Visitor: 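Please read through the structure below; I'll follow up with questions.
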Amino acid sequence: MSESKQVNVSKTSVPVIAIVALAIIFAGGLFVVGFDQGHIFSLVYGEKAFQDLYIHELTHDMRHIAGFPCH
Amino acid sequence: MKTFLFILIVIASGATAGFILGGLNLIFVEPSLDQAIGIENQHMFASGIEKDTPEFRAQYNDYRTWQKSGQVFAGGIFGISIGSLFGIVFALSRNSLPGKIDIKKSLILAGIMWACIYFIPFLKYPANPPTVGDPETVVLRGILYLTFITISGFGAVGFYKLSKKLKTRKFIVVVGYAAFIGIAFVAMPGNPDKITTPMDLVNHFRIMSVFTVSLYWLSLGLIFGSLWNHYKPHKEITSSFN
């Protein structure tokens, strides 16, 4: 006699793709808010970005509040 | 686990908590920042770099308005960034976190991470308002701050893993981590900058920033936990056996 039964398995392992995606978002976001001194915009605007410090100025207040070093 | 739903919950909770932080900062911290930048302006007037004219004031006010809106925007980015780290740690440690419901687990993890990667590093390298930091030492200060946060974060994970391996009691983790971070606290060099800004202003800024950033962690724990509880991204029927 054969018995048919259905078992639902709850998968708890964390997908690697999600970890990688979130790790990139974490590092990128942290760099923008905490550390960029023109680096990101220099990819497009070249040396000028290091004088303009657009992202630094935009995130300036949050940089201080979150405890990142600033001037 | 439902990958897309998991990432969506992380981003939604991180962004919401981040914008809450940005909004709270406008009320509680920006007045101190305005005061500190006002001191920077006085220095510029005294040294002759700028003149205190109505044109300068108008330009400065426009600039600060833009910078304050940038602060709220940066709150969103900061919120998503830290929220992503929180999401990774939560997903990996959910089964080991105490509590039956996910909100409790999430709040406990938010408390642990608040202490290990924010508050204890803050005690070593407290946040400063503008005018305090020397531009010459900004890279060194960045390295010191990040190093201490990394030591603290990995130290906490390390002691947790060790206790699991040795099957010791939970308080051993706390004692071990406390001794470890205590040594790092004493051994690491302090902030090299000398503070010449009035301490009243510096302390007020520090208290207010701790208040709002701590509320960010609380909001993150609550929102993330509630969303996880509701949508249960860990539950997925994957196989059927016949």
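Chain letters run A, B, ... following the sequence lines, proteins first, then strands; residues in each count from 1. Note that this is a predicted model, so its numbers are computed, not measured.
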Visitor: Go through the atoms of Phe68(A) and report whether side chain, backbone, both or neither lie under 4.5 Å from a heavy atom of chain B.
Guide: both

Visitor: Under 4.5 Å heavy-atom distance to chain A, tell me which part of Phe4(B) shows up: side chain, backbone, both or neither.
Guide: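 Neither part; nothing is under 4.5 Å.
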
Visitor: Pick from Leu85(B), Val72(B), Val29(B), Val210(B): which one has the most heavy-atom pairs with chain A under 4.5 Å?
Guide: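 Of the options given, most contacts go to Leu85(B).
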
Visitor: Using non-hydrogen atoms only, which part of Ile24(A) is less than 4.5 Å away from chain B: side chain, backbone, both, or neither?
Guide: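 Contact with chain B: none, neither part.
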
Visitor: Check the surroundings of atom CD in Gln42(B): do more than 12 heavy atoms from other residues, nucleotides or ligands lie under 6.0 Å from it?
Guide: yes

Visitor: Looking only at non-hydrogen atoms, find the nearest pair between Ala49(A) and Gly38(A) and report the distance.
Guide: CB-O, 3.4 Å

Visitor: So that I know where these two stand, are Tyr54(A) and Tyr45(A) an aromatic pair - ring centroids less than 6.0 Å apart?
Guide: no

Visitor: For Pro129(B), is it the side chain, the backbone, both, or neither that has a heavy atom closer than 4.5 Å to a heavy atom of chain A?
Guide: backbone

Visitor: Select, from Ile80(B), Thr131(B), Leu92(B), the one with the greatest count of heavy-atom pairs under 4.5 Å involving chain A.
Guide: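 Option with the top pair count is Leu92(B).
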
Visitor: Does the ring centre of Phe122(B) sit less than 6.0 Å away from the ring centre of Trp217(B)?
Guide: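 No: the rings miss the under 6.0 Å criterion.
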
Visitor: Is Ala18(A) in contact with chain B via its backbone, its side chain, both, or neither, using a 4.5 Å heavy-atom distance?
Guide: both

Visitor: Rounded to the nearest 0.5 Å, how far apart are CD1 of Ile9(B) and NZ of Lys232(B)?
Guide: 10.0 Å

Visitor: Sort Leu140(B) into side chain, backbone, both or neither according to what part of it lies under 4.5 angstrom from a heavy atom of chain A.
Guide: neither

Visitor: Between Phe205(B) and chain A, which part of the residue has a heavy atom less than 4.5 Å away: side chain, backbone, both or neither?
Guide: side chain

Visitor: Name the member of Pro130(B), Gly83(B), Pro121(B), Ser209(B) that forms the most heavy-atom pairs with chain A at distances under 4.5 Å.
Guide: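 Winner by heavy-atom pair count: Pro130(B).
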
Visitor: Can you tell me which of Phe78(B), Phe73(B), Tyr125(B) forms the most heavy-atom pairs within a distance under 4.5 Å of chain A?
Guide: Phe78(B)

Visitor: Where does Glu136(B) contact chain A at under 4.5 Å (heavy atoms): side chain, backbone, both or neither?
Guide: neither

Visitor: Given that the side chain runs from C-beta out, which part of Leu146(B) has a heavy atom under 4.5 Å from chain A: side chain, backbone, both or neither?
Guide: side chain

Visitor: Using a distance-only test with no angle check, is there a side-chain donor-acceptor pair under 3.5 angstrom linking His56(A) and His60(A)?
Guide: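 Side-chain D/A pair, His56(A) to His60(A): absent.
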
Visitor: Examine whether an atom of Val213(B) lies under 4.5 Å from a heavy atom of chain A, and if so say whether it belongs to the side chain, the backbone or both; otherwise answer neither.
Guide: side chain

Visitor: Could you tell me which of Phe6(B), Tyr63(B), Trp66(B) has the largest number of non-hydrogen atom pairs under 4.5 Å with chain A?
Guide: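 Option with the greatest count: Trp66(B).
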
Visitor: With ring centroids as reference points, do Trp114(B) and Tyr216(B) lie under 6.0 angstrom apart?
Guide: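 No, the ring centres sit 6.0 Å or more apart.
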
Visitor: Let's test your reading of the structure: which of Ile55(A), Ile17(A), Asp61(A) forms the most heavy-atom pairs below 4.5 Å with chain B?
Guide: Asp61(A)

Visitor: Can you name the nearest heavy-atom pair linking Phe185(B) to Ile120(B), along with the distance?
Guide: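 The answer is CE1-O, 4.0 Å.
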
Visitor: Write down the atom of Val202(B), the atom of Val132(B), and the distance for their closest heavy-atom approach.
Guide: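 So the two residues come closest at CG2-CG2, 4.1 Å.
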
Visitor: Heavy-atom cut-off 4.5 Å, strictly under: side chain, backbone, both or neither for Ile77(B) against chain A?
Guide: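 Both parts, heavy atoms under 4.5 Å.
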
Visitor: Apply salt bridge (Lys or Arg N to Asp or Glu O under 4.0 Å) to Lys48(A) and list each qualifying residue two or more places apart in sequence or on a separate chain.
Guide: Asp52(A)

Visitor: Based on non-hydrogen pairs under 4.5 Å, which of Glu40(B), Arg206(B), Arg64(B) is most in contact with chain A?
Guide: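 Heavy-atom pairs under 4.5 Å are most numerous for Arg64(B).
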
Visitor: Does anything in residues 15-29 of chain B form a side chain to side chain donor-acceptor pair (under 3.5 Å)? List the pairs, not counting sequence neighbours.
Guide: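 For residues 15-29 of chain B, and leaving out neighbouring residues, the side chain to side chain donor-acceptor pair (under 3.5 Å) pairs sorted by first residue read Asn25(B)-Gln71(B), Asn25(B)-Thr212(B).
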
